[in-house]
Amino acid sequence: MNLLEFLRNRVDVIIQRNKLKPLEALDFLIGSSKEREDLLEKGPYMGVEIDDLKLDEAFRLYRNELLRVENISTGDYYEENNATGEPVFPDENTCWGYYYSRLVGKVSEEDLKRILKECNVINIQFLPQLAQIPDRRGLVIGQVQSGKTTIFNGIISRAADIGFNVILILSGTIESLRKQTQNRIANDVTIPWGKKTDAPFYFTWISNFQGSGLGVVGNASIVLQDLNSHLRRQIAIGVFLKNGTVLANLIEFLKTINPADAAHLRVLIIDDEADQATPNAGVYKKTITKINGTIKNLVNRENGITCPTQTRSSYLGFTATPFANLLNEAGFHTLYPKDFIYFLRSSERYFGPWQLFGNPDEVEGEETIIPIDVVRMLDNDDISGTVPIPKKKYDPIITHGLRKAILWFVMASAARRLKDSGIWSTMLIHTSSSTSDHQKLYTEVDKYLKRLGEDWTVSEPDWRNLWNEEISRVTLESFSQAFPKYGEPTPSDYPLWEDVAKEIPNVIKDVKVRMDNSLALAAGFCRLDYSENTPNSERLQIAIGGNTLSRGLTLEGLVSSYFARRFTKQSAYDTLLQMGRWFGFRQGYELLPRLWT
């Protein structure tokens, strides 16, 4: 035990004994000569090196730790008499109200209320109003695939209403995720708002819709001339990769903002997947990693680099796994969320870890959840046939489990097509992070799909048996046990097998295999794509990949997942949790998702 641990343990005792807050307990300890003598006497017996000088230094360090978090706002829900501010109710004359009104009919009534409440908490307690300096740090924490983008689109809309004129979104390290995020913001916020002829402000995209860098040419003083116009204000908005070169180029562009406008900047920086690449991995070596330093350069002056956004930026991180953000580093010149931390509530319609795997009975105060029976455990033979072994040749095969997962994907897609011929339907196959392994598995899956029509003709009874087995394990009754407050619209039951069987040949013909990794396009493979103009015949996709399918990216209409990876003992919990692409919302096909793992 070191001295700080020894000190923390004593403070914990005082907190329990005297019913004090942590900082009050430490001050009591510092001011008590009796407590000090007791620490000096008992420390050596606990193996702690201690004397007066070391104890004073430990007091100082621990006090700084407590001061760092003492005044963080935890984001209480708005109540009628809450003194922190007034709620902003939807008004279609505002960007926030217009965005909110377009959610009506797309989400349930309960989720509309939840979104309104969550956005109001963040808008009121985090976003600085016009009279306040926009220099704040915050963090919003939500479940994996739980709708965080819907929330931060609401924050973007409200920030535009209250005078922010530069909005930057940092969206992970993978281009497919950045592109998906940018398209969602454009379709949900900027394009609809741009159609309003009487809007008091307009958006200008400065990021590229076709690539990861800047999407404008020339100096910001030319491109952004109306940032502070009293007639019709301009708002610069962009979604950028967390890439050192991309962000450095962004800073150089921002440096060319007209000095007269720079003095009146109000900047919102939203860091999506804030625990990825953003934390300073060099903190224990007393160095600053490139991406961490570059993001700091947008917010605070770091390494002598200046940018007009510094001290005029409100930085708000979003993540499902906040460990690195909270345990990495703190201080004025860091990205530590010193002003605001908030936990989003999950929708009652969210397919999360508890709904799929259950929650421990011993969790006090939590209702026991009976998980929906969608998980199919793979045996060792299956894993050895699909998962590579280090330093051994990889020759994947279509195993019993993988065959079932593919057949279920085809049947589930057929069932969904009976309702809507234009649906997206996706299968995930994730067995390795190696791009060469992906290519070998792609070859086997593609060959199997070419034989699938023959398999269907010969083995139709086997398909029917698998269908009947699966629909007996996940029923409307068992679904209601896992989702007791699911609400309207309620899930539909399975269609008849005879109707599904008629559609299966068409589905087999249309299924496309995609290899999604950083080398796919260069190797001549098609990557996963959810473009709006994609024909219906190309909307059924089997995605084979690793890291690019592990975080942030939403797999549209995911109904079948085959996930089998070898992990070391050092594999981080947050990394594993983020790989769960099967978490999320499944409205309209609630009974169909399955996971083989």
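No experiment lies behind these values; they were computed from the predicted model shown. Quick note: numbers below take in every heavy atom, side chains included, and nothing from hydrogens, waters or symmetry partners. One is the number of the first residue; the rest follow in order along the sequence.
The ring of Phe318 has its center closer than 6.0 angstrom to the ring center of Phe152. A distance below 6.0 Å separates the ring centres of Tyr530 and Trp424. Ring-centre distance between Phe483 and Phe351: below the 6.0 Å cut-off.
Using a 4.5 Å heavy-atom cutoff, the side chains of His400 and Asp382 are in contact. Residues Ile237 and Thr204 are not in side-chain contact: their nearest non-hydrogen atoms beyond the backbone lie 4.5 Å or more apart. No side-chain heavy atom of Arg527 sits under 4.5 Å from any side-chain heavy atom of Met515. Side-chain contact between Ile429 and Met427: present, with at least one pair of heavy atoms (C-beta onward) separated by less than 4.5 Å. The side-chain heavy atoms of Glu532 and Asn187, taken from C-beta on, include a pair separated by under 4.5 Å. Contact check for Ile295 versus Lys242: side-chain heavy atoms found under the 4.5 Å cut-off. Contact annotation: the side chain of Ile151 approaches that of Cys119 to within less than 4.5 Å [non-hydrogen atoms, C-beta and beyond]. Between Tyr562 and Leu428, every side-chain heavy-atom pair lies at or beyond the 4.5 Å cut-off.
Every residue two or more places apart in sequence or in another chain that forms a side-chain contact (heavy atoms from CB on, under 4.5 Å) with Thr150 is listed here: Tyr99, Leu103, Ile115, Arg184. Partners of Pro388 under the side-chain contact (heavy atoms from CB on, under 4.5 Å) rule, at least two apart in sequence or in another chain, are Tyr394, Ser432, Asp437. Judged as a ring-ring contact (aromatic ring centres under 6.0 Å, His included), and not counting sequence neighbours, the contacts of Tyr442 are Phe525.
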Lys502 vs Val500, side chain to side chain contact (heavy atoms under 4.5 Å, CB included): CA-CA, chis, key distance, verdict: CA-CA 5 Å; Lys502 291 176 184 177; Val500 174; over 6 Å; no
Between Thr173 and Gln276, is a side-chain hydrogen bond (donor to acceptor under 3.5 Å, both in side chains) present by the stated rule, with each step listed? CA-CA 8 Å; Thr173 61; Gln276 184 186 37; 3.3 Å; yes
Determine whether Asp379 and Arg376 satisfy the following criterion, salt bridge (Lys or Arg N to Asp or Glu O under 4.0 Å), listing intermediate values before the conclusion. CA-CA 10 Å; Asp379 59 30; Arg376 309 290 174 259; over 6 Å; no
Hey, mind stepping through Ile291 and Asn243 against side chain to side chain contact (heavy atoms under 4.5 Å, CB included) and telling me if it holds? CA-CA 6 Å; Ile291 293 175; Asn243 171 284; 5.6 Å; no
Please determine whether side chain to side chain contact (heavy atoms under 4.5 Å, CB included) holds for the pair Phe357 and Leu595, giving the CA-CA distance in whole Å, both sets of side-chain angles, and the decisive distance to 0.1 Å. CA-CA 11 Å; Phe357 301 105; Leu595 166 62; 4.0 Å; yes
Verdict with reasoning, Arg451 to Glu454, per salt bridge (Lys or Arg N to Asp or Glu O under 4.0 Å): CA-CA 5 Å; Arg451 303 194 306 269; Glu454 181 182 344; over 6 Å; no
Before you tell me yes or no, could you show the steps for Ile155 and Trp96 under side chain to side chain contact (heavy atoms under 4.5 Å, CB included), namely the whole-Å CA-CA distance, both residues' side-chain angles and the distance that decides it to 0.1 Å? CA-CA 8 Å; Ile155 306 309; Trp96 154 234; over 6 Å; no
List the steps, then state whether side-chain hydrogen bond (donor to acceptor under 3.5 Å, both in side chains) holds for Tyr494 with Asp499. CA-CA 10 Å; Tyr494 300 98; Asp499 295 328; over 6 Å; no
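Once rounded to the nearest 0.5 Å, the distance linking CD of Glu109 with CD of Glu488 reads 10.5 Å. Once rounded to the nearest 0.5 Å, the distance linking CG of Leu335 with CG of Asn328 reads 9.0 Å. A distance of 8.5 Å separates CG of Leu250 from CG of Leu170, quoted to the nearest 0.5 Å. Distance CG/Asp275 to CZ/Phe323: 8.5 Å, rounded to 0.5 Å. A distance of 8.0 Å separates CZ of Arg403 from CG of Leu466, quoted to the nearest 0.5 Å. Going from atom CG of Leu528 over to atom OG1 of Thr426 covers 6.0 Å, rounded to the nearest 0.5 Å.
By the neighbour-count criterion of 12 heavy atoms within 6.0 Å, atom NZ of Lys148 is densely surrounded, having more than that number from other residues, nucleotides or ligands. Within a 6.0 Å radius of CG in Asn380, no more than 12 heavy atoms belonging to other residues, nucleotides or ligands are found. In the displayed structure, Glu498 atom CD is contacted under 6.0 Å by more than 12 heavy atoms of other residues, nucleotides or ligands.
Side chain to side chain, Tyr100 and Ser157 fail the donor-acceptor criterion of an N or O pair below 3.5 Å. Side-chain N/O atoms of Ser207 and Gln182 include a donor and acceptor closer than 3.5 Å. Under the 3.5 Å distance criterion, with hydrogens and angles disregarded, no donor-acceptor pair is assigned to the side chains of Asn517 and Thr435. For Ser561 and Trp596, the side-chain atoms include no donor-acceptor pair closer than 3.5 Å. Side-chain polar atoms of Asp455 and Trp463 form a donor-acceptor pair below 3.5 angstrom.
A salt bridge does not link Arg114 with Glu110: every distance from a Lys NZ or Arg NE/NH1/NH2 to an Asp or Glu carboxylate oxygen is 4.0 Å or more. A salt bridge does not link Lys392 to Asp395: none of the charged nitrogens lies less than 4.0 Å from a carboxylate oxygen.
Side-chain atoms of Lys117 do not come within 3.5 Å of backbone N or O of Leu112 as any donor-acceptor pair.
Residue pairs satisfying the salt bridge (Lys or Arg N to Asp or Glu O under 4.0 Å) criterion with at least one member in residues 405-422, sequence neighbours excluded, are listed as follows: Arg417-Glu503, Arg417-Asp510. Annotation: salt bridge (Lys or Arg N to Asp or Glu O under 4.0 Å) contacts involving residues 585-597, sequence neighbours excluded, comprise Glu470-Arg594.
Across all their heavy atoms, Ser108 and Arg349 have their closest contact at OG-CD, 3.7 Å. The two residues Ala186 and Thr190 have their closest heavy-atom pair at CA-OG1, 3.2 Å. The heavy-atom pair separating Thr289 from Asn280 by the smallest distance is N-OD1, 3.0 Å. Considering all non-hydrogen atoms of both residues, Ala320 and Ile141 come closest at O-CG2, 4.4 Å. Contact between Pro491 and Tyr486 at its shortest, heavy atoms only, is CD-CD2, 4.0 Å. The two atoms that bring Cys526 and Arg514 nearest to each other are CB-NH1, 3.3 Å, heavy atoms only.
Using a 30° and 60° split on the angle between ring planes, Phe585 and Tyr350 fall in the tilted class, from 30° to 60°.
A cation-pi arrangement, defined by a distance under 6.0 Å to the six-membered ring centre and an angle within 45 degrees of its axis, is present between Lys196 and Tyr98.
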Got a list of side-chain donor-acceptor pairs under 3.5 Å for residues 406-414, not counting sequence neighbours?
{"from": "Trp408", "atom 1": "NE1", "to": "Leu592", "atom 2": "O", "distance (Å)": "2.8"}
{"from": "Ser413", "atom 1": "OG", "to": "Phe409", "atom 2": "O", "distance (Å)": "2.7"}
{"from": "Ser413", "atom 1": "OG", "to": "Ser425", "atom 2": "OG", "distance (Å)": "2.7"}

